[in-house]
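What follows is a set of notes on a single structure, which appears directly below.
Scope of the values below: all heavy atoms of this structure, side chains included, with no hydrogens, waters or symmetry mates.
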Amino acid sequence: MGNRASKSVAMGLMVLAAMTALPTAHADDAKPSPPPAKTQLMQGPTLRETGRIAPMFVQGNGVEIQKRSDLGAPKENSIQSASNSEERPLPQPRVGVIDHVVLDRQIKQRFSAARDCRLEVGRRKQLPLAHVTAGTLTLRWTILPSGEVAGTVVVATTPADSELVDCVKRHMVSWTFTRPRGGSVSVERTLSFR
């Protein structure tokens with residue numbers, strides 16, 4: 001590898017030396033410049049070794065460059081203001097109706113089972129109930145027309161063990177209620193651990 005690299009450097013030096021030995025015809029130079037020393041070749045070629053860059057002229061049918069005014073964006077279609085168009089109300093989700101007495105009784109039963117989460121977490125962590133942090137949770141859910149629950153949310157309003165919150169959420173997902181009439185019903189209740 002080292003031998004190949006040194007050969008390629010030597011070859012490059014020879015080519016560069018040959019290029020610089022050629023006479024250059026510049027209007028301001030009467031005689032060719034002497035070849036550069038080896039130390040100059042290692043620093044890289046100068047403008048005289050590489051040649052000058054001349055301006056480019058287009059002859060005949062050249063390419064025509066567009067003016068900046070021609071480069072504008074295409075015109076956009078006009079938009080009617082909101083006051084001119086007919087105002088249509090957005091469709092409202094159908095809100096169902098459910099008997100509150102029946103709903104409260106069913107929620108009381110579901111909450112009784114959800115309160116067992118404190119015992120479940122205590123057993124899993126091998127802690128007495130007093131050491132499982134459990135305060136007040138706000139529960140939100142939607143009772144679908146089928147009676148199943150969707151959109152369950154559990155928010156700890158006072159400090160509560162995260163495993164306890166997860167357990168309550170798992171219980172909520174499996175809840176079913178009496179089917180509401182006319183659409184879904186959104187419910188929010190507070191669950192307190194004693």
Side-chain angles (χ1 to χ4, degrees), residues 1 5 44 53 56 58 61-194:
M1 180 76 181
I53 299 173
M56 186 175 110
V58 178
N61 292 337
V63 177
E64 192 175 313
I65 298 174
Q66 291 181 341
K67 297 177 185 176
R68 289 195 65 82
S69 62
D70 297 343
L71 297 176
K75 293 184 179 179
E76 295 181 7
N77 296 334
S78 64
I79 300 173
Q80 289 182 341
S81 65
S83 59
N84 293 343
S85 63
E86 292 181 27
E87 293 184 22
R88 294 182 204 145
L90 294 174
Q92 297 295 322
R94 292 177 39 195
V95 178
V97 178
I98 194 166
D99 183 5
H100 289 288
V101 174
V102 174
L103 179 64
D104 289 342
R105 187 178 70 241
Q106 291 175 345
I107 289 175
K108 192 174 185 178
Q109 292 170 350
R110 305 309 182 273
F111 276 19
S112 176
R115 283 191 182 90
D116 291 340
C117 283
R118 188 172 190 185
L119 180 64
E120 185 180 322
V121 171
R123 285 181 181 164
R124 190 177 314 121
K125 289 186 168 186
Q126 297 180 354
L127 294 172
L129 283 180
H131 292 128
V132 178
T133 307
T136 304
L137 305 177
T138 300
L139 311 181
R140 295 183 192 107
W141 69 93
T142 302
I143 303 172
L144 301 174
S146 64
E148 296 175 334
V149 171
T152 57
V153 177
V154 179
V155 179
T157 52
T158 60
D161 189 294
S162 62
E163 288 187 34
L164 177 85
V165 173
D166 291 341
C167 178
V168 171
K169 176 103 173 170
R170 276 195 313 272
H171 276 271
M172 288 178 69
V173 171
S174 64
W175 288 350
T176 57
F177 291 91
T178 302
R179 294 179 178 188
R181 292 183 313 267
S184 301
V185 175
S186 295
V187 182
E188 179 176 327
R189 294 288 194 278
T190 302
L191 172 63
S192 296
F193 291 87
R194 297 182 197 113

**Request:** Return each pair, listed once, that meets side chain to side chain donor-acceptor pair (under 3.5 Å) where at least one residue sits in residues 122-131; pairs must be two or more places apart or across chains.
**Result:** Glu120-Arg124, Arg124-Glu163, Lys125-Asp161
**Item:** Atom pair CZ/CG of Arg115 and Leu164 - distance to nearest 0.5 Å
**Value:** 11.5 Å
**Fill in**
side chain to side chain donor-acceptor pair (under 3.5 Å) pairs touching residues 149-160, sequence neighbours excluded, are Thr152-Lys169
**Passing candidate, side-chain contact (heavy atoms from CB on, under 4.5 Å) with Arg118, options Val168, Val132, Thr133** = Val132
**Distance-minimising heavy-atom pair for Ala114 and Phe193** = O-CE2, 4.0 Å
**Request:** For Met172 and Val153, work out which heavy atoms get closest and say how close.
**Result:** CE-O, 4.1 Å
**Request:** Give a yes or no on whether a salt bridge exists between Asp99 and Arg181, defined as a side-chain N under 4.0 angstrom from a carboxylate O.
**Result:** no
**Prompt:** Closest heavy-atom contact between Thr142 and Ser186?
**Reply:** OG1-OG, 3.9 Å
**Asked** Distance from Ile98 atom CD1 to Leu103 atom CG, nearest 0.5 Å?
**Response** 5.0 Å
**Message:** Quick check for you: to the nearest 0.5 Å, what is the distance between Thr190 atom OG1 and Leu137 atom CG?
**Reply:** 9.0 Å
**Item:** Side chain proximity check, Leu129 to Leu119, heavy atoms < 4.5 angstrom
**Value:** yes
**Gap between atom CD of Gln109 and atom CZ of Phe177 - 0.5 Å precision** = 9.5 Å
**Request:** Verify, without hydrogens or angle tests, whether Arg179 (side chain) and Ile143 (backbone) share a donor-acceptor contact under 3.5 angstrom.
**Result:** no
**Fill in**
Closest non-hydrogen contact found for Gly183 with Pro145 is C-CG, 3.9 Å
**Message:** Quick check: closest heavy atoms across Ala113 and His171, and the distance to 0.1 Å?
**Reply:** O-CE1, 3.8 Å
